[in-house]
K.L.:
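Supplied in structure tokens, the structure appears directly below.
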2 protein chains.
Amino acid sequence: MASILDVARAAGVSASTVSNVLNGRHGRMQAETRARVLQAIEELGYTPNALAQQFKSGRNRTIGLIVPSVANPFWGALAHKVERAATALGYKVLICNAERDPQQEARYAETLLSSGVRGVIFSSSPLTFDHIAHLVRRGLVVAAFDRRGQGAEEVVACSVSVDNELGARLAGQHLVGLGHRRIGFLSGPIRTSSRAGRLDGLRAAMAKAGLALDPALVWQGAGIGGYGDTEGPELGRIGIRELLSRDDPPTAVVTVNDMYAMGAYAGARDLGASIPGDVSIVGFDDVDLAAVVHPALTTVRQPLAVMAEASVGALIRVLEGTDAGQEAHVSAMPQLIVRASTAPPKQGS
Amino acid sequence: MASILDVARAAGVSASTVSNVLNGRHGRMQAETRARVLQAIEELGYTPNALAQQFKSGRNRTIGLIVPSVANPFWGALAHKVERAATALGYKVLICNAERDPQQEARYAETLLSSGVRGVIFSSSPLTFDHIAHLVRRGLVVAAFDRRGQGAEEVVACSVSVDNELGARLAGQHLVGLGHRRIGFLSGPIRTSSRAGRLDGLRAAMAKAGLALDPALVWQGAGIGGYGDTEGPELGRIGIRELLSRDDPPTAVVTVNDMYAMGAYAGARDLGASIPGDVSIVGFDDVDLAAVVHPALTTVRQPLAVMAEASVGALIRVLEGTDAGQEAHVSAMPQLIVRASTAPPKQGS
DNA sequence: GTGAAAGCGCTAACAT
DNA sequence: ATGTTAGCGCTTTCAC
């Protein structure tokens, strides 16, 4: 592998001149010199050793993205959009699966940090930031995506989230407006601020209509161990079956995300219940598939592209110190997309 | 940030001794010295600068994974399993979206290489390897996942794929056995070896039964530009509508992957056609959702976990030079999972 | 058993 | 306008 010295020799200049060419410091040399260097680079097929560059400069145009699981299309889509936004700004993205495990999240963050990545986007995961506070002290810049937590102020440099509470409230209002009075909530373990917010929102919407959310209708995957890979469809399927088997079952269910909703479709069918005839379902996220499944899913849309761009932009601004006092915390508006999985409850329920 | 020198000073030893401790070269020092060093490390909260380590040693326990799009759950699941397998072997994974664009694929590979990543898994993408051949000359080790191509011998160090041709043949045989005679193939642009193999397999199965695959029933997203983000469900939905609107429509359709199949569900419903009553659908991949949608999807399963482990293992073996002449090219067996989306054709078709 | 010293490839003062 | 020089933090001979 050709090094900067080889290029320098070939062009008959010094290494620093080559470095200057490489780093766009024109004006510090004659056009003719520049041309010679460029030609030498071309001929030798030289590429700078990025490792050495980073090592030396301490900076590297890479950010990290920690997601619960790329196997969920919502996070896959986020990764996709984050990558696109970062690429546009000349940054690369390292994607890591933390599996909703604080330990693993901290481990990845540490790895990233000691690989020279200073900025990391943490997406929905544990409720606190305690486990990464020490890394912040060591220079890690953290952006929170759809996540709030205790001690966040000291740890988080910028954050972007959808208003989860509002989103779920919209879902709840829609259902209440349709005439539902027994509404369930279907989720995996509620260990993230976004999940907690969604539950709260539903409760608030019901309260406003003088209804109480029956704790027996809040299913949170309790008692299921090692759900790592079955997160989503499988849990949704199991959960709704339990919910519908209660003495006084719900006539509508809000799910914590679209994957649970799709699982709920399957679970309801397992019991011979029709959607929305026997039970209405509202999802959250609005993944591509939500419009495709049958019946098309009523769901709360997160403006994903906007959120991805905002978090990447904010993070990079902080990293580059060009923050200029812009507000670093944005809350995106969710939107209820009414499709075919919701309807008034059956008479007599 | 504490450096190795700080530790050395604190422990009253030299930097090289600390390095030896760090790199597990015990036996080269007294237990007592080792203990002192360890304690100093602990006290200072020292972590080696991974960048400097890599820079110096030229080695870094990181592999790259280039996928068409993490937004497709199949690739998301692959990324997940690859990461798991790599982690178990002490490696990290950088995931990149190439968007099925050879240019972008080459760009990422180059970035990876100059960041010190020597081993990269390329998953299904362009038909040839020409665009990365020059990188191989510069030291890149490439593993091909579900991908064959021209010039592969010289470029690819190891490969893992499912037998796509066989998989599609199983699908075709199943359909033929059910009595179908007009079978369509629904795909996006066929620019990958895996897609080409699937089409061939279907054709072969039909040929064996004395049937010809009508070119008019092979839909490949022709004429659609900028389909980047709509890959999958959207194309499937559009495609099947066109297929079912032909003069002599198919009674069964094999789709290139499960996302297309789910799109096909929606498209068929758009036209009021029922599955499998009016048209049978077979998918490919067997993503989690395949068992969840309604009707549950008959599909060709790829043994994903096995394939992920095999490619990571083979790649790392090559990287570490412990290949020991083991066969570096494995072909995994696909399996037809018959569920509810296939049935005999209607009488009179 | 432990330390000294030489770099890895690049950048950035500082000279010229 | 260009070259010289001194490291960045670590690993790794090679002495002692």
Side-chain angles (χ1 to χ4, degrees), chain A residues 1-41 44-62 110-111 113-118 138-139, chain B residues 1-41 44-62 110-111 113-118 138-139:
Chain A
M1 286 285 316
S3 86
I4 201 169
L5 221 72
D6 299 317
V7 177
R9 265 194 292 268
V13 298
S14 79
S16 44
T17 300
V18 178
S19 172
N20 283 332
V21 172
L22 252 37
N23 293 281
R25 277 184 279 274
H26 323 185
R28 282 209 201 170
M29 70 203 68
Q30 286 176 312
E32 196 261 333
T33 312
R34 203 172 102 80
R36 260 204 341 269
V37 171
L38 254 18
Q39 198 196 332
I41 288 176
L44 275 65
Y46 165 78
T47 0
N49 179 331
L51 232 49
Q53 283 180 313
Q54 293 170 202
F55 167 56
K56 174 62 181 150
S57 64
R59 224 159 293 130
N60 75 7
R61 315 202 103 222
T62 303
E110 163 127 32
T111 298
L113 184 58
S114 68
S115 310
V117 175
R118 276 187 52 232
R138 276 173 46 197
Chain B
M1 287 285 316
S3 85
I4 201 169
L5 220 72
D6 300 316
V7 177
R9 264 194 293 268
V13 299
S14 79
S16 39
T17 300
V18 179
S19 174
N20 283 332
V21 172
L22 252 35
N23 293 281
R25 275 184 280 276
H26 323 183
R28 282 211 201 167
M29 71 204 68
Q30 286 175 313
E32 196 262 331
T33 311
R34 201 172 103 81
R36 260 205 340 271
V37 170
L38 254 17
Q39 197 195 332
I41 289 177
L44 274 64
Y46 164 78
T47 2
N49 179 330
L51 232 48
Q53 284 179 312
Q54 292 171 203
F55 168 55
K56 177 61 184 147
S57 65
R59 233 167 297 120
N60 77 4
R61 319 201 100 221
T62 303
E110 164 127 33
T111 298
L113 184 57
S114 69
S115 308
V117 175
R118 277 186 52 230
R138 278 174 44 198

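Hydrogens, waters and symmetry mates are skipped; everything else that's a heavy atom, side chains included, is used. Chain letters run A, B, ... following the sequence lines, proteins first, then strands; residues in each count from 1.
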K.L.:
Can you tell me how far apart CG (A/Asn49) and CG (B/Leu113) are? Round to the nearest 0.5 Å.
P.N.:
9.5 Å

K.L.:
How many Å lie between NZ on A/Lys56 and P on D/dG7, as a whole number?
P.N.:
10 Å

K.L.:
If you compare every side-chain N and O of B/Gln54 against the phosphate oxygens of D/dC10 (OP1, OP2), does one of them come in below 4.0 Å?
P.N.:
no

K.L.:
Could you give the distance from CZ (A/Arg28) to OG1 (A/Thr17), rounded to the nearest 0.5 Å?
P.N.:
10.5 Å

K.L.:
Between B/Arg25 and D/dT11, is there a side-chain N or O to OP1/OP2 distance below 4.0 Å?
P.N.:
no

K.L.:
Quick one: CZ on A/Phe55 to CD on B/Gln54, what's the gap to the nearest 0.5 Å?
P.N.:
11.5 Å

K.L.:
Could you tell me the separation between the CG atom of B/Asn49 and the P atom of C/dC8, rounded to a whole number of Å?
P.N.:
19 Å

K.L.:
Any chance you could measure A/Ile4, atom CD1, to A/Ile41, atom CD1, to the nearest 0.5 Å?
P.N.:
8.0 Å

K.L.:
Where the side chain of B/Ser57 meets the backbone of B/Gln53, is there a donor-acceptor pair that is under 3.5 Å apart?
P.N.:
yes

K.L.:
Taking CG from B/Leu51 and P from C/dC8, how many angstroms apart are they, rounded to a whole number?
P.N.:
18 Å

K.L.:
Provide, to the nearest angstrom, the distance between the CG atom belonging to A/Leu22 and the P atom belonging to C/dA12.
P.N.:
12 Å

K.L.:
Looking at C/dC8 and B/Phe55: do their rings stack (centroid distance under 5.5 Å, interplanar angle under 30°)?
P.N.:
yes

K.L.:
Can you tabulate the close N/O pairs, meaning under 3.5 Å, that link protein atoms to atoms of nucleotides 1-5 of chain C?
P.N.:
{"unit_1": "C/dT2", "atom_1": "OP1", "unit_2": "B/Gln30", "atom_2": "OE1", "d": "3.3"}
{"unit_1": "C/dT2", "atom_1": "OP1", "unit_2": "B/Thr33", "atom_2": "OG1", "d": "2.5"}
{"unit_1": "C/dT2", "atom_1": "OP2", "unit_2": "B/Gln30", "atom_2": "N", "d": "2.7"}
{"unit_1": "C/dT2", "atom_1": "OP2", "unit_2": "B/Thr33", "atom_2": "OG1", "d": "3.3"}
{"unit_1": "C/dG3", "atom_1": "OP2", "unit_2": "B/Ser14", "atom_2": "N", "d": "2.9"}
{"unit_1": "C/dG3", "atom_1": "OP2", "unit_2": "B/Ser14", "atom_2": "OG", "d": "3.4"}
{"unit_1": "C/dG3", "atom_1": "OP2", "unit_2": "B/Thr17", "atom_2": "OG1", "d": "2.8"}
{"unit_1": "C/dG3", "atom_1": "N7", "unit_2": "B/Ser16", "atom_2": "OG", "d": "3.3"}
{"unit_1": "C/dA4", "atom_1": "N6", "unit_2": "B/Ser16", "atom_2": "OG", "d": "3.1"}

K.L.:
Between CG of B/Asp6 and OG of B/Ser3, what distance do you get to the nearest 0.5 Å?
P.N.:
4.0 Å

K.L.:
Distance check: side-chain N/O of A/Gln53 vs OP1/OP2 of C/dG9, anything under 4.0 Å?
P.N.:
no

K.L.:
Expressed in angstrom and rounded to an integer, what is the separation of B/Ile4 atom CD1 from D/dT12 atom C1'?
P.N.:
11 Å

K.L.:
Compare every heavy atom of B/Ala10 with every heavy atom of B/Ala40, then report the nearest pair and how far apart it is.
P.N.:
CB-CB, 4.0 Å

K.L.:
With each end axis built from five pairs of C1' atoms, what bend angle do you get for the helix from C/dG1-D/dC16 to C/dT16-D/dA1? Round to 10°.
P.N.:
40°

K.L.:
Which is true for B/Ser19 with a 4.0 Å heavy-atom rule: it touches a base, it touches only sugar-phosphate, or it touches nothing?
P.N.:
base

K.L.:
Would you indicate whether the side-chain heavy atoms of B/Arg138 and A/Thr47 approach each other to under 4.5 Å?
P.N.:
yes

K.L.:
Between A/Ser115 and A/Thr111 (side chain of the first, backbone of the second, donor and acceptor by atom type, cut-off under 3.5 Å), is there such a pair?
P.N.:
yes

